[in-house]
Amino acid sequence: MRESTLSAAPQAPDVSELSSHDRILRAARQLFAREGYESTTTAAIARAAGTSESQLIKHFSGKEGLLDAIFEDAWGRMGQGIARVLESPAPPMARLRALSEALFAGFERDDDLRTLMLLEGRRMRRRGQIVVLSRGFLQLVQVLDNLLEELRQSGDLRRGMDPQAARSALIGAFEGLLRDRLLAERVGYPAGFGPREMRATFAAVLEGLVCRDGQLPS
């Protein structure tokens with residue numbers, strides 16, 4: 001599967017060709033990733049986008065709406081690649097491997113998105129509400145649940161393993177590996193592994209969920 005199958009990195013059109021909506025979205029994406037969501041003001045976003053705060057409020061209602069829109073846009077683009085993986089006639093385990101590699105490659109190509117997804121995604125915000133649980137992410141959850149259910153029905157998922165619990169383990173491992181690499185780059189967190197080691201570790205987690213030929217399920 002080629003890396004281009006699932007791309008998270010957006011193209012960069014000329015700023016003059018962008019609508020005010022898209023300029024605001026792009027400015028927020030960059031500022032949230034580089035300055036932090038809490039530290040970025042709507043005034044700074046509007047200024048970077050060359051527009052007014054009233055336009056920002058008109059299009060997105062505020063910062064929370066902007067962050068949600070950024071994630072919806074990213075997952076929407078990645079969803080096209082996810083759909084192509086699912087169209088493959090390959091067995092569910094092969095599709096899980098292809099999906100994980102495509103996701104790794106997509107996040108690695110887009111530093112801003114990687115930062116936002118891993119440090120801002122699904123964070124508890126004001127009033128104790130989880131405001132960023134995008135439809136695209138929930139669709140990915142459903143895709144993983146379906147593939148793991150296929151493994152269970154075929155007898156390839158370890159006995160006693162709940163598909164949803166297995167999905168949580170996979171998402172946790174994926175996000176944890178990428179997040180620790182990001183923290184190593186940003187603040188010197190002790191995570192000196194690279195892309196090869198990261199993929200090998202995730203593959204071990206994935207392989208640990210299945211039964212091998214001639215191996216008794218645990």
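Atom set for the values below is all heavy atoms of this structure, side chains included, hydrogens, waters and symmetry mates excluded.
Electrostatic pairing of R26 and D22 does not count as a salt bridge here, judged by no charged N lying under 4.0 Å from a carboxylate O. Taking a cutoff of 4.0 Å between a charged side-chain nitrogen and a carboxylate oxygen, R181 and E108 qualify as a salt bridge. Taking 4.0 Å as the cut-off between side-chain N and carboxylate O, R77 and D110 do not count as a salt-bridged pair. Ion pair R152/E149 flagged as a salt bridge, since at least one NZ, NE, NH1 or NH2 atom sits closer than 4.0 Å to an Asp/Glu carboxylate oxygen.
Using modelled atom types, no side-chain atom of R135 and backbone atom of E72 make a donor-acceptor pair closer than 3.5 Å. When atom types are taken as modelled, the side chain of Q30 and the backbone of A27 share no donor-acceptor pair closer than 3.5 angstrom. With hydrogens and angles disregarded, no donor-acceptor distance shorter than 3.5 Å links the side chain of S88 to the backbone of R84. Formation of a donor-acceptor pair under 3.5 Å by the R167 side chain with backbone atoms of D145 is not found in this model.
Taken to the nearest 0.5 Å, the CE atom of M93 stands 9.0 Å off from the CG atom of D156. With rounding to the nearest 0.5 angstrom, the CZ atom of R47 is 12.5 Å from the CG atom of L56. Once rounded to the nearest 0.5 Å, the distance linking CG of L66 with OH of Y37 reads 8.5 Å. Atom-to-atom distance recorded for S52:OG and I24:CD1 is 7.0 Å, nearest 0.5 angstrom. Within the model, atoms CZ of R109 and CZ of F104 stand 13.5 Å from one another, a figure rounded to the nearest 0.5 Å. Distance check: L178 CG to M117 CE gives 11.5 Å after rounding to the nearest 0.5 Å.
The closest side-chain donor-acceptor pair between T42 and E53 falls under 3.5 angstrom. Checking N146 against E150 by side-chain atom types alone, no donor-acceptor pair falls below 3.5 Å.
Considering only heavy atoms from C-beta on, L99 comes within 4.5 Å of L140 through its side chain.
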With a 3.5 Å cut-off and sequence neighbours excluded, list the donor-acceptor pairs that the side chains of residues 182-192 form with protein atoms.
| unit_1 | atom_1 | unit_2 | atom_2 | d |
| --- | --- | --- | --- | --- |
| E185 | OE1 | R114 | NH2 | 3.1 |
| R186 | NH2 | T115 | OG1 | 2.9 |

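Across every non-hydrogen atom of E175 and L118, the tightest pair is O-CD2, 3.9 Å. Contact between R95 and A90 at its shortest, heavy atoms only, is NE-O, 2.8 Å. Among all heavy-atom pairs drawn from L170 and F202, the shortest one is O-CE1, 3.3 Å. The shortest heavy-atom contact between L116 and F71 is O-CZ, 3.4 Å. When all heavy atoms of A166 and M161 are compared, the closest pair comes out as CB-CG, 4.0 Å. Considering every non-hydrogen atom in both L148 and P163, the closest pair reads CD1-O, 3.4 Å.
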Stepwise side-chain contact (heavy atoms from CB on, under 4.5 Å) test for L86 and I82: CA-CA 6 Å; L86 297 181; I82 292 172; 4.2 Å; yes
Test side-chain contact (heavy atoms from CB on, under 4.5 Å) applied to F60 and L67, step by step: CA-CA 9 Å; F60 302 101; L67 189 60; over 6 Å; no
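H59 and H21 have perpendicular rings, their planes meeting at more than 60° on a 0 to 90° scale where under 30° would count as parallel. Relative ring orientation between F107 and W75 is described as perpendicular, the plane-to-plane angle rising above 60° on a 0-90° scale split at 30° and 60°.
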